[in-house]
Structures are given as structure tokens and as C-alpha cells.
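Here the structure is a predicted model, which is why all the values come from computation and not from measurement.
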Amino acid sequence: MTEFSVAYPEYAATDALDRLRATEYRHLDADGGVYLDYTGAGVAAESQFRAHYERLRRTSFGNPHSENPTSQASTELVESARRAVLSFFRADPAEYAAIFTANASAACRLVGEAYRFRGRRCVLTFDNHNSVNGIRQFARDRGGRVRYVPLTADLRVAERDLVAALRGRGLLCYPAQSNFTGVQHPLDWVDLAHRRGFDVLLDAAAYAPTNPLDLTAVRADFVPVSWYKVFGYPTGVGCLVARREALARLERPWFAGGTIQAVSVQGGWHLLADDESAFEDGTLNFLAVPDIEVGLRWIAGIGLETVRLRVRCLTGWLLGKLGGLRHGNGRPMVRIYGPADLEMRGGTVTFNVVDPDGVLVDERLVSAESAEAGFSLRTGCFCNPGAGEGAFSISRRTLRGRVGRRPRGIDEYLTLLGLPTGGAVRVSLGLVSTVEDVERLVGFVDRTYRDRQATVEGLAPRTRC
């Protein structure tokens, strides 16, 4: 038996995923690379592509919501996909609606632009994707108050700090799972916030690919999700799963084709649709929406718990292996951000490589060299500046004291803060990740950076973080 199989004997129950990797996901291994960016995007099976082709080959589809045959064909598949989404989240159709959007970001915007913030609070955790952070702009513009809940040293949120922020009424926004550290924040905060008079936007984009979310138990008001993160295809289609009661309290700032029952140009009035279509601007991507149901059936056939088990085992192995890397002088080669164990965390691991003197290796160098070696991973702050500020111990006092104006670029900003690098390295595991994927990454880090001094020579200026 291998060292890994001794440490994680339960991993053997996921062997079927290795067979799928060799058949349905063989494109992952076609060029010898290693895919480690499941938080960025899931991967699609060949069966999903074949299902899309076969559907379009057999039938003609037209713009939905009309009475003609091609339109009805599209409408039936769109509504079937809508029912499948609610079933995936165990959401009662009488209580929840599934609204198709371009992605999770568009779902967040739907809520932000229509929520009644005047006189209310918008409470966000430091750990949030920028698609959620952006809701604060709507709150500020509409007379709401914005409050951020800080992170602890291990980049979690202390419940006492959350409770202190939930005063008055308003909207709480937080991720079920961090896209930066993989931290899983408690789902029972939804009920806690409701008891204190708050609606809840629960960002499930990073959580849904490997974890079941039961909306009969966790009755979040708004749940954004991007389907390509769950099963790779289709891209450009997301969803807002929302409680109908909460939707009825939103005030849309505009209307568009498909969102209205009637409108008068000369009368200056409009009447919004009384169902999900009131929030679906313009024509849906009706050729792609049915692929959501295909993907959901595919995941159901595999079993989300099987995926979750595999990712959990591999994440534990990765954390242990990276944490055990040492330079010749005995110093650690890697600094991991967030929890170093599996308690309440998912398959996203973020770290920096450290040189023998304890200096962080610039993430741009790791990005370039890992890409050349065939690794698909991410570097930077991953559109989560709050978690990044927590990881690098950037306090509000530091920001106010050193950054008195808006910097001209990322590099100037880092210089003002005195930071040695502009971000971290993020690897994330998913549906068909393997032990070999993890071992190859650890081997690359060990071979490439052991006893090597950090340098920034020859690196191009940063254009974004």
C-alpha cells in the first residue's frame, strides 16, 4: 500500500472517478499538463458535449415564450432545466424561483441593483468575491450603510463579530466557501441573520461544485451560482436561486424585453412579469440553458458525496505535503493561508513559496514557471481583496497611513504597503483530480524552489491583482 492509501483508505471508494478521468475526461491528459484550477472553472465530460450536439442535430429551437413550435421546444427545455436546478438544491418550487443569468456575478448584480437599501445595512464579510463586494456600491448610492466583518488570524469569521454587525435590518452577504482559502463559513448563519432581521445572500459559486446545499434546511434568500464551476459546461450561464418572498421585495430599476407583461410608450407605464422572467433580461441563452440539466444529471450519476470525499482526501494530502517541504537549512518552503487542516474547508489551497531566508517568492515568477511546466493554477488575489488583506496582515491603519491617494498602479500600491509580492498561488481540486496531480505539483515546487533565492529580475509590471 502507498503512503497515501494508508493515510486515506476511504479514497478507494472514489475509484470510479479514475475510470471517468481515463474516458470522459481524457482531454485533461492529452498534453501532459495538470489541471489545478477547479475553483476557476470546472471541467466538462465528453458526454456533455455529445448531448449538446445531439440535441441541436435532432431539433430546431427558437426564441422562447411564443406559441410557435420551435419556440415551444425551447421553452419546454428551459422550464425543465429550471425545475432541475431547484431539485439540485432541494428547493421547494412554491418557495423558490430559479432565475437564469449570465453568471454568478450577474446574479449578484440583480440583487444589488434592486434591494431596498435606504435606511438599511449591507453587511459583508472581509472574505467575499468582488462580485459580492460590488453590492456595496448599490448600498452606498441608495443611502444604505456598509459594514464589513473582519477575519481572524486563520482567515475565518468570528461569530461574535458577525453578530455585532447585524444591527437594524438589511442584507448579509457571505460565501458558503471562500474562493481564496477554501474556508467554509457556517451555513447556520443564514438562520441567525434571519432572526436578527436580515435577508441573506449566500454565495455558493465555490461551494456548490463539491458540496450539497439543501435549501429546505438552509433557507437563504438569494443564492448565486455559476454552472461552469460545477460541471464545466456550459459557460456563460449562471443562476440566482431566490426565495419568492424575498424577490417580491426587490424593486427593479429598469425593464427590458421579456421582463414585462405590458408597456406603454405614450402612457409612460410598464407592468413587470409576475414570475421569474421579470428578472431575466432579454433573450435567455436558450441553446445552452438545457445543458444545465444535462450537467446536473451527470453529477447526480456520479454522486456529489463521492466528489466531496475525493476532494477532501486530496486536499488533506496536499496540505500535509506542502506544509512538510523544507529548505536545506530546515526552513519551510511554503506559507499556507487559512486552515492547515480539513476542519470546515474545501478543496482550495492558497499559499506562497518562501525562499531560504524567509522572503516570499514573487507570485509572477511562480505563475510563469508553473505555466511553462504545464500546470494550470492561478496567482494573484483571486478577486477577493478582503481575504488577501487578511492573508498579508494589511490593517486599515496601514492602508490609511501609507496609501493617502489612489495609486497609479498595482506595483506602486504594493510599494506603498511594503509588500514583497502582489498575491499568492492558488491550487484547487475537483471532480477528477488525482493523487498524481497533487504529487506532480508538490514535486515541481520542491525541485524548482528548494534553496533558491527570491528574485524579481526580468518580471513584467503587474497589470491587475
Enquirer: Is any side-chain heavy atom of V43 less than 4.5 Å from a side-chain heavy atom of Y25?
Expert: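 Sidechains of Y25 and V43: in contact.
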
Enquirer: If you measure only the distance, is there a donor-acceptor pair under 3.5 Å linking the side chains of D127 and H185?
Expert: yes

Enquirer: In terms of the angle between their ring planes, are W227 and F89 parallel, tilted or perpendicular, with boundaries placed at 30° and 60°?
Expert: tilted

Enquirer: Cut-off 3.5 Å, side chains only: do R244 and Y96 have a donor facing an acceptor?
Expert: no

Enquirer: Does the salt bridge (Lys or Arg N to Asp or Glu O under 4.0 Å) test come out yes or no for R19 and D15, once each step is laid out?
Expert: CA-CA 7 Å; R19 293 190 288 275; D15 285 349; 5.6 Å; no

Enquirer: Kindly state whether the ring of F231 and the ring of W298 have centres lying under 6.0 angstrom apart.
Expert: no

Enquirer: Would you give the length of the straight line joining atom CE of M344 to atom CD of Q177, rounded to the nearest 0.5 angstrom?
Expert: 10.0 Å

Enquirer: When you look at R335 and L360, which way does the side chain to side chain contact (heavy atoms under 4.5 Å, CB included) test go after all the steps?
Expert: CA-CA 9 Å; R335 179 182 300 171; L360 298 187; 3.7 Å; yes

Enquirer: Are R312 and Y8 close enough that a side-chain donor and a side-chain acceptor fall under 3.5 Å?
Expert: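 Side chains of R312 and Y8: no pair found under 3.5 Å.
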
Enquirer: Just wondering, do T125 and N128 contact through their side chains at under 4.5 Å, heavy atoms?
Expert: yes

Enquirer: Working note: D199 + R249, criterion side chain to side chain contact (heavy atoms under 4.5 Å, CB included); need CA distance, chi angles, decisive distance, verdict.
Expert: CA-CA 11 Å; D199 297 311; R249 296 197 297 272; 2.4 Å; yes

Enquirer: Strictly by ring-ring contact (aromatic ring centres under 6.0 Å, His included), give each pair with a member in residues 191-211 just once, sequence neighbours left out.
Expert: none

Enquirer: What's the separation between atom CZ in F351 and atom CD1 in I336, rounded to the nearest 0.5 Å?
Expert: 8.0 Å

Enquirer: Does the pair F4 and V438 meet the rule for a side chain to side chain contact (heavy atoms under 4.5 Å, CB included), with working shown?
Expert: CA-CA 11 Å; F4 173 79; V438 172; over 6 Å; no

Enquirer: Quick one: are L110 and L250 in side-chain contact, heavy atoms under 4.5 Å?
Expert: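 The answer is no; the side chains never approach within 4.5 Å.
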
Enquirer: Between F117 and F138 (judged by ring centroids, cut-off 6.0 Å), do the two rings come close enough to count as a pair?
Expert: no

Enquirer: For L162 versus V157, what's the shortest heavy-atom pair and its separation?
Expert: CB-CG1, 4.4 Å

Enquirer: Rounded to the nearest 0.5 Å, what's the gap from CD1 on I302 to CG on L431? Could you check?
Expert: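 Result: 4.5 Å between the selected atoms.
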
Enquirer: Is the side chain of T448 donor-acceptor paired with the backbone N or O of V445 at a distance under 3.5 Å, no angle test?
Expert: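 Judged by distance alone, no pair lies under 3.5 Å.
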
Enquirer: Output the distance between atom OG1 (T434) and atom CG (D29), rounded to the nearest 0.5 Å.
Expert: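 Result: 7.5 Å between the selected atoms.
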
Enquirer: Checking D437 now: which residues fulfil salt bridge (Lys or Arg N to Asp or Glu O under 4.0 Å) with it, not counting sequence neighbours?
Expert: R21

Enquirer: Compare all side-chain heavy atoms of V311 with those of Y38 and state whether any distance is below 4.5 angstrom.
Expert: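 No. Closest side-chain heavy atoms not under 4.5 Å.
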
Enquirer: Calculate, to the nearest 0.5 Å, the distance between atoms CG and CG belonging to L124 and L171 respectively.
Expert: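 Reported value, rounded in 0.5 Å steps: 7.5 Å.
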
Enquirer: Decide yes or no for V132 and Y174: does some side-chain heavy atom of the first lie under 4.5 Å from some side-chain heavy atom of the second?
Expert: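 They are not in side-chain contact.
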
Enquirer: Strictly by modelled atom types, are R308 and N211 linked by a side-chain donor-acceptor pair under 3.5 Å?
Expert: yes

Enquirer: Going by the salt bridge (Lys or Arg N to Asp or Glu O under 4.0 Å) test, which pairs reach into residues 87-111, not counting sequence neighbours?
Expert: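 Qualifying pairs: R90-D214, E95-R219, E95-R243, R109-E113.
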
Enquirer: Under the side chain to side chain contact (heavy atoms under 4.5 Å, CB included) rule, what do L192 and L166 come out as? Steps first, then yes or no, please.
Expert: CA-CA 9 Å; L192 183 154; L166 295 176; 3.5 Å; yes

Enquirer: Might you point out which heavy atoms bring W317 and A7 nearest each other, and give the distance in Å?
Expert: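 That would be CZ3-CB, 4.2 Å.
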
Enquirer: Per the side-chain contact (heavy atoms from CB on, under 4.5 Å) rule, which among P175, C108, C173 passes with D203?
Expert: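 Answer to the side-chain contact (heavy atoms from CB on, under 4.5 Å) test with D203 among P175, C108, C173: P175.
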
Enquirer: Please name the pair of heavy atoms, one in H327 and one in D355, separated by the smallest distance, quoted to 0.1 Å.
Expert: NE2-C, 3.3 Å

Enquirer: Taking side chain as C-beta onward, heavy atoms only, is V149 less than 4.5 Å from F126?
Expert: no

Enquirer: Write down the atom of G40, the atom of Y228, and the distance for their closest heavy-atom approach.
Expert: O-CE1, 3.2 Å

Enquirer: What distance do L172 atom CG and L201 atom CG have between them, rounded to the nearest 0.5 Å?
Expert: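 Output value for this atom pair is 8.5 Å.
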
Enquirer: Where do T348 and S428 come nearest, in terms of heavy atoms and distance?
Expert: OG1-CB, 3.9 Å

Enquirer: Between R142 and Y115, does a side-chain hydrogen bond (donor to acceptor under 3.5 Å, both in side chains) hold up when you go through it step by step?
Expert: CA-CA 9 Å; R142 295 185 177 184; Y115 195 82; over 6 Å; no

Enquirer: Is there a donor-acceptor pair under 3.5 Å between the side chain of R310 and the backbone N or O of T14?
Expert: yes

Enquirer: Looking only at heavy atoms, what is the nearest atom pair of V442 and K321, with distance?
Expert: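 Looks like CG2-CB, 3.7 Å.
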
